[in-house]
Amino acid sequence: AFNGVVSFIGTNATTTSSGTNQSNVTVGSFVGESTPRMILHRLRGILTTDYASALSLTPASEHRTSLSQMGVTTQQSGLLAFNSSAFITTLNSYQSDVEALFSSTSGSFSHTMRTELNAFVDPLTGVIDQVTDALAEEIDDLNDGIAYENIRITRFQARLQSQFNALETLTSSFNTTSTFLTSFFADDD
């Protein structure tokens, strides 16, 4: 699931271009958005934490207190890799440590991950909900601004049209006067 999150964020946080002079640009949904990067950073922190003190496993050198000691490692790409034989070896030799790390005990990996994920996805107070609400409010504000500008443009267009019509009438009047004067002075010769 973590690898899926990394891939999803990576895919949506890129800008691609193609075509003549790179004229076709596709901007990912997360470009310029800090929340996905923050979530990923916090998840990585949970995955790389040593839980010895949180689980009161001292001395730490005699225990297995991190995922990396249990066969879960981060690759250079940022994705996680799982070495099942390393996990089985750790489980056989340090079963109580594995159980403690994956228990619901406060401070364990599982508890910390669950707490953090709830902070992200809680429908009332979660980070994602707050960002969604803020974006929806920004969209509403932009739509209100667009509606206001459309009204302003329509009124400006009506004013210009009215001025143009008045000028057309005035020009027509001048043309009539010009024709009359030209004809009047032409008859005197």
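With rounding to the nearest 0.5 angstrom, the CG atom of L160 is 11.0 Å from the CG atom of N165. Rounding to the nearest 0.5 Å gives a distance of 10.0 Å between CZ of F164 and OG1 of T169. Taking OG1 of T112 as the start and CZ of F109 as the end, the distance is 8.5 Å to the nearest 0.5 Å. Between the CD atom of E99 and the OH atom of Y94 there is a distance of 15.0 Å, given to the nearest 0.5 Å. Rounded to the nearest 0.5 Å, atoms OG (S34) and CD1 (I39) are 9.5 Å apart. F8 CZ to N3 CG: the interatomic distance, rounded to the nearest 0.5 Å, is 15.0 Å.
Residue F30 is not grouped with residue V27 when hydrophobic side chains (ILVMFWY) are merged at heavy-atom distances under 4.5 angstrom, including chains of intermediate members. Linking Ile, Leu, Val, Met, Phe, Trp and Tyr residues whenever their side-chain heavy atoms come within less than 4.5 Å leaves V31 and L135 in two separate clusters. The cluster map of Ile, Leu, Val, Met, Phe, Trp and Tyr, joined by side-chain heavy atoms under 4.5 Å apart, puts L40 and V121 in the same cluster. By the criterion of side-chain heavy atoms lying less than 4.5 angstrom apart, applied directly or through intervening Ile, Leu, Val, Met, Phe, Trp or Tyr residues, V72 is not grouped with I88; the two fall into different hydrophobic clusters. Under the 4.5 Å side-chain heavy-atom criterion for ILVMFWY residues, no single connected hydrophobic cluster contains both I151 and F156.
Counting only N and O atoms by type, the side chains of S108 and S110 include no donor and acceptor under 3.5 Å apart.
Looking at T14, its side chain does come within 3.5 Å of a backbone N or O of T11 through a donor-acceptor pair. Under the 3.5 Å distance criterion, the side-chain polar atoms of S172 are left unmatched by any main-chain donor or acceptor of E168. With hydrogens and angles ignored, the 3.5 Å screen pairs no side-chain donor or acceptor of D97 with any backbone N or O of T65. Remark: the backbone N or O of N12 is not paired with any side-chain donor or acceptor of S29 at under 3.5 angstrom. In terms of modelled atom types and a separation under 3.5 Å, the side chain of T154 and the main chain of N150 share a donor-acceptor contact. The closest donor-acceptor contact from the side chain of T90 to the backbone of A86 lies under 3.5 Å. In terms of modelled atom types and a separation under 3.5 Å, the side chain of T105 and the main chain of A100 share no donor-acceptor contact. Looking at S93, its side chain does come within 3.5 Å of a backbone N or O of T89 through a donor-acceptor pair.
Proximity of D122 to D129: side-chain heavy atoms (C-beta onward) are nowhere separated by under 4.5 Å. Residues F2 and M113 are not in side-chain contact: their nearest non-hydrogen atoms beyond the backbone lie 4.5 Å or more apart. Contact of the N143 side chain with the I146 side chain is registered, since non-hydrogen atoms from C-beta on lie closer than 4.5 Å. L47 is listed as a side-chain neighbour of L80, based on a closest heavy-atom distance under 4.5 Å. Counting only heavy atoms from C-beta outward, the side chains of R42 and M38 approach each other to under 4.5 Å. The shortest side-chain heavy-atom distance between Y148 and D144 does not fall under the 4.5 Å cut-off. Using a 4.5 Å heavy-atom cutoff, the side chains of S18 and N24 are in contact. Residues V25 and T15 have side chains in contact (heavy-atom distance under 4.5 Å, counting atoms from C-beta outward).
The local environment of CD in Q157 is sparse, with at most 12 non-hydrogen atoms from other residues, nucleotides or ligands closer than 6.0 Å. Counting non-hydrogen atoms of other residues, nucleotides and ligands closer than 6.0 Å to CD of E137 gives a total of 12 or fewer. By the 6.0 Å contact criterion, CD on E138 is open, its count of non-hydrogen atoms from other residues, nucleotides or ligands being 12 or less.
For the pair G78 and V6, the tightest heavy-atom approach, listed with the atom from each and the gap, is O-CG2, 4.0 Å. Considering every non-hydrogen atom in both F120 and L43, the closest pair reads CE1-CD2, 3.9 Å.
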Exercise for the section: Start with the C-alpha distance between M70 and V98, add both sets of side-chain angles, then the distance that settles side-chain contact (heavy atoms from CB on, under 4.5 Å), and finish with yes or no. Expected result: CA-CA 8 Å; M70 297 181 188; V98 174; 3.9 Å; yes

Exercise for the section: Check step by step if side-chain contact (heavy atoms from CB on, under 4.5 Å) holds for V127 and T35. Expected result: CA-CA 8 Å; V127 171; T35 303; 3.7 Å; yes

Practice task
Please step through side-chain contact (heavy atoms from CB on, under 4.5 Å) for the pair H41 and R37, ending with a clear verdict.
Solution key: CA-CA 6 Å; H41 176 74; R37 290 188 311 272; over 6 Å; no

